[in-house]
Every structure is written in C-alpha cells, then in structure tokens.
Amino acid sequence: MSISENILYVIETPHSRGRTEERIQALARQLPGIPEDADLTVSRTEKGKPYFLHLADCLYVSVTHSGDYWMCMFSSCPVGIDLQIHTGKNHPERIARRFFHPEETAFLSGREKDVFFSLWTAKESYVKYTGKGIAGQLDTFSVIENGEIKKEIEGIPLRFLEEFPQYTCCVCGGAEGPIRIIRIQDPV
C-alpha cells in the first residue's frame with residue numbers, strides 16, 4: 001500500500017499549533033489508496049520528525065506552519081517541507097550570521113529580503129527531509145552553488161511552490177512528478 005503522488009494538504013487557520021498528530025491522521029485517511037483499516041499511528045523520531053509507526057517504509061509525511069497556514073505533505077518517498085511568511089519581524093542579516101553557512105551569508109549581502117526566505121526554507125526543508133533537525137545543523141551545509149540557490153542537495157531535489165503570496169514554501173524530496181495541492185477545512 002502506498003500513494004503514487006505527492007499530496008500537500010493546506011489548511012488556512014490562525015490556530016496552527018497543537019493537535020498535529022490528529023490532523024495528520026485525519027488527512028491521511030483521505031489519501032487515495034489508504035485502506036480503511038490502516039493503522040495510522042503517528043510517532044516521532046528523536047528529533048521530532050513525524051512518521052507512521054506501521055507504514056514508515058511506504059508513506060512519508062512532513063508538516064509546516066507559518067502565518068495563517070498549516071500544511072501537511074504526504075509522499076511515497078521521504079519528504080521535507082517548510083513555509084515562511086514574509087514579515088517585518090524577521091531580521092535576515094542577524095539570523096543568517098547565526099545560522100547560515102558563510103557562503104550563504106555572503107550571498108545574501110545586498111539582496112532583497114525575499115532571498116533570505118528562499119535560503120531558509122530550502123535549508124529547513126532539507127533538515128526536515130533528513131530528520132536531523134535544525135539545532136546545530138544549518139551552518140554545516142550550503143544551498144548556494146555558482147552564485148545561485150541549488151536545485152538539489154546531495155541529489156535530493158528542492159522545489160519552490162509559488163502558490164502562496166507573501167510566503168516562501170520549499171519542498172525537499174518527495175516522489176518524482178507534480179505536487180497536488182488540496183486546500184481543505186481543518187479536519188479536527
């Protein structure tokens with residue numbers, strides 16, 4: 001049993017925290033090809049990455065939230081997703097100096113603020129993909145190559161979704177092919 005595509009559920013809600021496991025289970029029940037009696041117990045790795053305890057080798061999940069959106073990505077391949085709202089509260093230069101690889105910090109110099117969000121979401125989606133978490137990890141690798149943002153990291157594709165104005169969203173990994181975006185009411 002597995003799904004054959006990448007499915008991204010998008011919930012517009014100002015209350016994105018809490019009930020994550022319940023949301024993941026409710027959304028997974030709506031996936032094509034999931035048997036009614038499937039055990040969709042959600043567990044977490046040591047670093048907090050959600051996974052299905054009994055389907056860990058055939059159904060992958062990643063969650064993100066920012067601003068008014070909560071998103072859950074399902075795929076038949078390992079996946080990581082990150083979303084960041086563009087706000088004036090962010091301090092890109094300070095955050096870059098603290099968390100980014102020196103190559104990325106230099107790349108940001110003199111560029112528009114939106115470039116910061118592209119770097120951040122690329123990096124965070126990759127560490128979500130790996131399951132290693134962001135603590136002590138973000139400055140150990142660069143998403144810059146030949147003066148531009150990479151299209152992949154260690155052979156794993158990075159895809160930016162343009163469907164969310166005033167946000168930057170990046171998906172790392174997942175199955176080949178398109179990402180089907182389904183906007184849905186909060187199921188819990």
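Predicted model only: the values in this text are computed from it and were never measured. Computation of the quantities below employed the complete heavy-atom set of this structure, encompassing side-chain atoms and omitting hydrogens, waters and symmetry-equivalent molecules. For the single chain, residues carry numbers from 1 onward in sequence order.
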Hits for side-chain hydrogen bond (donor to acceptor under 3.5 Å, both in side chains) against Ser118, two or more places apart or cross-chain, chain-then-number order -> none
Output for pair (Phe117 CZ, Glu124 CD), nearest 0.5 Å, gives 12.5 Å
Discussion item. Is there a side-chain contact between Ile153 and Leu158 in this structure, where contact means two heavy atoms from C-beta onward sitting under 4.5 Å apart?
Written reply: yes
By salt bridge (Lys or Arg N to Asp or Glu O under 4.0 Å), Arg44 pairs with (sequence neighbours left out) Glu21
Report yes if some heavy atom in the side chain of Ile179 is under 4.5 Å from a heavy atom in the side chain of Met73; otherwise report no. yes
Notebook entry, point to check: Any side-chain heavy-atom pair from Leu59 and Val61 closer than 4.5 angstrom?
Noted result: no
Residues at least two apart in sequence or cross-chain that pass side chain to side chain contact (heavy atoms under 4.5 Å, CB included) with Tyr60, listed by chain then number, are Pro78, Val79
Counting only heavy atoms not in Lys132 (residues, nucleotides, ligands), do more than 12 fall under 6.0 Å from its NZ? no
In terms of heavy-atom contacts, Ala96 and Leu108 come closest through CB-CD1, 3.6 Å
dist Leu8:CG -> Ser62:OG (nearest 0.5 Å) comes out at 10.0 Å
Can I get a per-line list of side-chain donor-acceptor pairs under 3.5 Å for residues 168-178, giving both atom names and the distance, sequence neighbours left out?
| from | atom 1 | to | atom 2 | distance (Å) |
| --- | --- | --- | --- | --- |
| Thr168 | OG1 | His86 | NE2 | 2.6 |

Residue pairs passing the ring pair (Phe, Tyr, Trp, His ring centres under 6.0 Å) test with at least one member in residues 145-188, sequence neighbours excluded, are Tyr69-Phe164, Tyr69-Tyr167
Separation between CD1 (Ile149) and CD1 (Ile144), nearest 0.5 Å, reads 5.0 Å
Is Tyr9 close to Gln30 at the side-chain level, that is, under 4.5 Å between some pair of heavy atoms?
yes
Are Asn6 and Ser75 linked by a side-chain donor-acceptor pair shorter than 3.5 Å? yes
Can you find a heavy atom in the side chain of Val143 that is under 4.5 Å from one in the side chain of Glu104? yes
Sequence neighbours excluded, the answer for side-chain hydrogen bond (donor to acceptor under 3.5 Å, both in side chains) partners of Glu103 is Ser142
Those residues at least two apart in sequence (or on a different chain) that pass side-chain hydrogen bond (donor to acceptor under 3.5 Å, both in side chains) with Asp68 are none
Heavy atoms of Gly80 and Lys128 approach each other most closely as CA-CB, 4.0 Å
- Report the C-alpha separation of Met71 and Val63 in whole Å, then their side-chain angles, then the decisive distance to 0.1 Å, and conclude whether the side chain to side chain contact (heavy atoms under 4.5 Å, CB included) test is met. CA-CA 6 Å; Met71 299 179 176; Val63 173; over 6 Å; no
Exercise. Would you say the side-chain atoms of Asn146 and Glu148 include a donor-acceptor pair closer than 3.5 Å?
Worked result: no
### Message
A quick test of your reading: do over 12 heavy atoms of other residues, nucleotides or ligands sit less than 6.0 Å from CZ of Arg29?
### Response
yes
Check your understanding: How about Leu27 and Ile7: do any of their side-chain heavy atoms sit closer than 4.5 Å?
Key -> no
Taken in chain and number order and not counting sequence neighbours, the residues that satisfy salt bridge (Lys or Arg N to Asp or Glu O under 4.0 Å) with Arg111 are none
CZ (Phe100) and CG (Asp139) are apart, to the nearest 0.5 Å, by 10.5 Å
- Is there a donor-acceptor pair under 3.5 Å between the side chain of Lys49 and the backbone N or O of Thr130? no
Check your understanding: So do the side chains of Ile184 and Ile11 get within less than 4.5 Å of each other, counting heavy atoms only?
Key -> yes
Looking at side-chain heavy atoms only, is the closest gap between Arg97 and Thr105 below 4.5 Å? yes
Applying ring-ring contact (aromatic ring centres under 6.0 Å, His included) to Tyr126 and not counting sequence neighbours gives Phe141
Checking the side chain of Arg23 only, and the main-chain atoms of Val188 only, is there a donor and an acceptor separated by less than 3.5 Å? no
Applying side chain to side chain contact (heavy atoms under 4.5 Å, CB included) to Gln25 and not counting sequence neighbours gives Leu40, Val42
The reported gap from CD1 in Ile24 to CZ in Arg19 (rounded to nearest 0.5 angstrom) is 13.5 Å
Point to revise | Heavy-atom donor-acceptor pair, Lys150 side chain to Glu145 backbone, under 3.5 Å | key: no
Across all chains, not counting sequence neighbours, the side-chain hydrogen bond (donor to acceptor under 3.5 Å, both in side chains) partners of Thr41 are Asp39
Specify whether Trp120 and Phe99 have parallel, tilted or perpendicular ring planes, treating 30° as the upper limit for parallel and 60° as the lower limit for perpendicular. perpendicular
Any side-chain to backbone donor/acceptor pair from Lys47 onto Gly131? Under 3.5 Å, distance only.
no
Across all chains, not counting sequence neighbours, the side chain to side chain contact (heavy atoms under 4.5 Å, CB included) partners of Tyr51 are Ser43, Thr45, Leu53, Ala56
When rounded to the nearest 0.5 Å, the distance separating CG of Leu83 from OG of Ser66 is 5.0 Å
Assess the residue pair Phe107 and Phe116 against the criterion (side chain to side chain contact (heavy atoms under 4.5 Å, CB included)); give the C-alpha distance rounded to whole Å, side-chain angles, the decisive distance to 0.1 Å, and a yes or no. CA-CA 9 Å; Phe107 178 79; Phe116 164 80; over 6 Å; no
CA sep, side-chain torsions, deciding dist, call: Glu12, Gln185, side chain to side chain contact (heavy atoms under 4.5 Å, CB included): CA-CA 7 Å; Glu12 200 164 336; Gln185 295 293 315; over 6 Å; no
